[in-house]
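Predicted model, so just to flag it, every value in this text is computed and none were measured. Ligands are counted one by one from 1 in listed order, and the atoms in each one are counted from 1 as well.
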Amino acid sequence: MKILVVGGGGREHAMVWKIAQSPRKPQIFCAPGNAGIEGLATCVPITADDIEGLKAFALKEQIDLTVVGPEAPLALGIADEFRKARLKIFGPTKAAARLESSKSFSKDIMAANRIPTAAARSFEHMDQALAYLDEQPVPIVVKADGLAQGKGVVVATTREEAKQAVRDAMEKSLFGQAGHRVLIEEFLDGEELTLMAFTDGKTVVPMVPAQDHKRVGDGDSGPNTGGMGAYAPAPIATAALREQVTRQVLQPTVDALARLGCPFQGVLYAGLMVVKGTPYVLEFNARMGDPETEVVLPLLKTDLVEVMEAVVEHRLDELTVEWHPETAVCVVMTSPGYPGSYPTGLPIQGLPAPSGESRVAVFHAGTKRESGRVVTAGGRVLAVTAWGPSLLDARAQVYQAVPSILFEGRHYRTDIAHRALPHKI
Ligand code: AMP
Ligand code: GLY
């Protein structure tokens with residue numbers, strides 16, 4: 001069996017790593033991959049948004065299953081193109097991926113289906129957005145409507161900051177086309193939670209709940225990033241809360257898209273804010289989260305290839321998806337300056353040799369090989385994950401592994417999973 005994974009970050013490394021453990025022993029390709037993925041898959045120099053190039057490769061190599069990691073190719077319609085060419089692909093169509101690629105589309109779906117979410121208004125004209133802000137209380141949240149790599153959201157504590165965020169998006173085009181429409185959203189004060197689910201368009205199978213850490217600094221300080229670390233399962237997501245989110249959020253969303261004629265197939269990601277025990281949707285993503293994938297997949301007991309095939313073949317209802325009763329913690333190591341501008345090409349030292357026995361995995365997020373050395377090639381460089389019987393055990397292991405990995409100006413948070421510590425899991 002031949003599998004192609006599209007993407008080259010920490011999420012895709014974790015996917016390739018998990019697929020490599022399949023008893024089906026698939027031959028794995030990854031486009032474009034990175035210096036860590038190289039050891040497990042054949043990396044092919046095709047970028048994740050080169051849909052024609054990827055399709056030509058999949059046809060030539062007779063790929064049995066293509067798995068899409070990032071949102072960009074989904075928003076460009078990779079799943080539509082592959083299906084037209086009779087290639088099996090794990091990931092939603094362009095129409096279904098609008099849940100992520102257009103925040104106003106996802107708000108409309110939620111409003112029409114009474115899915116609990118933060119109240120919001122969408123604006124195409126800057127003057128109207130600025131005038132609206134004059135009447136709103138702070139804090140308030142300003143979001144670029146389109147895809148902005150997790151950086152298009154500003155939680156403003158003053159009106160001036162909110163207005164600046166509107167101007168940055170609409171006037172200065174800080175997020176390009178993605179920010180020409182903005183959403184101004186009510187601020188919700190609570191605890192964040194990620195619940196992802198496999199879905200074949202009908203059946204919804206939730207994964208273990210995870211918690212991401214979006215802010216760059218310890219104590220949740222500084223600007224938002226793509227994600228600085230994660231852990232799973234998150235104790236805030238009791239069995240009852242998971243059931244509630246599945247019933248009130250995930251299933252109705254999947255059903256709504258099916259009714260609209262654009263069934264969602266792949267992974268539906270709900271980013272939630274839990275306010276006094278009640279979950280509200282902050283965002284949907286049309287793919288697995290990064291770094292949530294790096295903590296969720298190590299806990300998956302069922303063969304990932306089986307699950308993905310069941311999704312693609314619309315028979316997820318026939319499968320029981322099982323999880324290891326363990327906890328995983330991931331710490332992301334970033335380049336100096338991230339999420340602002342940062343240098344690349346910095347040599348990385350102290351990377352441990354990958355080992356099947358170890359309960360620590362160093363997933364590469366932004367790396368490449370240059371004259372035989374592994375160097376930094378992105379803002380998020382490595383996603384170091386450990387798992388074990390308890391949160392304390394996994395956390396101790398991950399923070400033992402991280403300090404010995406060195407590159408100039410490296411940054412990481414030292415408090416990943418702090419919210420779970422009082423739960424003593
Ligand atoms: P999003 O990309 O929409 O998930 O937003 C990025 C981050 O901004 C979230 O993970 C939250 O930390 C924060 N955020 C987004 N929307 C809200 C909101 N309505 N209230 C409070 N914080 C929010
Ligand atoms: N960790 C947040 C995301 O993947 O969008």
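In summary, the side chains of Thr93 and Asp80 do not present any donor paired with an acceptor at a separation below 3.5 Å, with no hydrogens or angles considered. Donor-acceptor pairing under 3.5 Å is lacking for the side chains of Thr302 and Glu306. Residues Glu38 and Asn34 bring no donor and acceptor atom of their side chains to less than 3.5 Å of each other. Side chain to side chain, Thr117 and Lys107 meet the donor-acceptor criterion of an N or O pair below 3.5 Å.
Contacts with ligand 2 closer than 4.0 Å are made by no heavy atom of Thr194, backbone or side chain. Under 4.0 Å from ligand 1, the heavy atoms of Glu186 that appear belong solely to its backbone. With a 4.0 Å cut-off on non-hydrogen atoms, Val141 touches ligand 1 through its side chain and not its backbone.
The two residues Ile37 and Cys30 have their closest heavy-atom pair at CG2-CB, 3.7 Å.
Arg413 and Asp220 are joined by a salt bridge, as a carboxylate oxygen and a charged side-chain nitrogen come within less than 4.0 angstrom of each other.
Summarising the local packing, CD of Gln400 is surrounded by 12 or fewer heavy atoms from other residues, nucleotides or ligands at distances under 6.0 Å. The number of heavy-atom neighbours closer than 6.0 Å to CD of Glu408, taken from other residues, nucleotides and ligands shown, is 12 or below. Counting non-hydrogen atoms of other residues, nucleotides and ligands closer than 6.0 Å to NZ of Lys202 gives a total of 12 or fewer.
Ligand 1 places these atoms under 4.0 Å from at least one heavy atom of Val153: 1 (P), 2 (O), 3 (O), 5 (O), 6 (C), 8 (O), 15 (C). Close contacts of ligand 1 with Lys214, meaning ligand atoms under 4.0 Å from a residue heavy atom, involve 4 (O), 9 (C), 10 (O). Within ligand 1, counting atoms from 1 as listed, the ones closer than 4.0 Å to a heavy atom of Glu192 are 9 (C), 10 (O), 11 (C), 12 (O). Atoms of ligand 2 lying under 4.0 Å from any heavy atom of Asn285, numbered from 1 in the order shown and given with element: 3 (C), 5 (O). Atoms of ligand 1 found under 4.0 Å from any heavy atom of Met273, numbered from 1 in the order shown, are 21 (C), 22 (N). Close approach to Asn224 involves these atoms of ligand 1, each under 4.0 Å from a residue heavy atom: 7 (C), 8 (O). Atoms of ligand 2 lying under 4.0 Å from at least one heavy atom of Gly289, given by number and element, are 4 (O). Listed by number with element, the atoms of ligand 2 under 4.0 Å from a non-hydrogen atom of Tyr269 are 1 (N), 2 (C), 3 (C). For ligand 2, the atoms closer than 4.0 angstrom to any heavy atom of Asp212 are 1 (N), 2 (C). Annotation for ligand 2: atoms under 4.0 Å from non-hydrogen atoms of Lys214 are 2 (C). Residue-ligand proximity, Phe187 to ligand 1, at heavy-atom distances under 4.0 Å covers atoms 20 (N), 21 (C). Which parts of ligand 1 touch Leu188 is read off a 4.0 Å heavy-atom cut-off, strictly below it: atoms 18 (C), 19 (N), 20 (N), 21 (C). For ligand 1, the atoms sitting less than 4.0 Å from at least one non-hydrogen atom of Glu185 are 16 (N), 17 (C), 18 (C), 19 (N), numbered in the order shown with element in parentheses.
A heavy-atom separation below 4.0 Å is found between Gly226 and ligand 2. Assignment of Arg11 to the shell around ligand 2 is not supported, since no heavy atom sits closer than 4.0 Å. Assignment of Lys103 to the shell around ligand 1 is supported, since a heavy atom sits closer than 4.0 Å. For the pair Gly227 and ligand 2, no heavy-atom separation below 4.0 Å is found.
Geometrically, ligand 2 and Arg287 share a nitrogen or oxygen pair separated by less than 3.5 Å.
Note: Tyr132 and Phe123 meet the aromatic proximity criterion, with ring centroids under 6.0 Å apart.
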side-chain hydrogen bond (donor to acceptor under 3.5 Å, both in side chains) between Gln265 and Arg83, intermediate numbers included: CA-CA 12 Å; Gln265 177 242 76; Arg83 283 193 198 124; 3.1 Å; yes
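The CG atom of Leu193 sits 9.5 Å away from atom CD of Glu292, with the distance rounded to the nearest 0.5 Å.
Considering Ser104, Ser101, Ser106 as possible partners of Asp145, the one that fulfils the side-chain hydrogen bond (donor to acceptor under 3.5 Å, both in side chains) test is Ser104.
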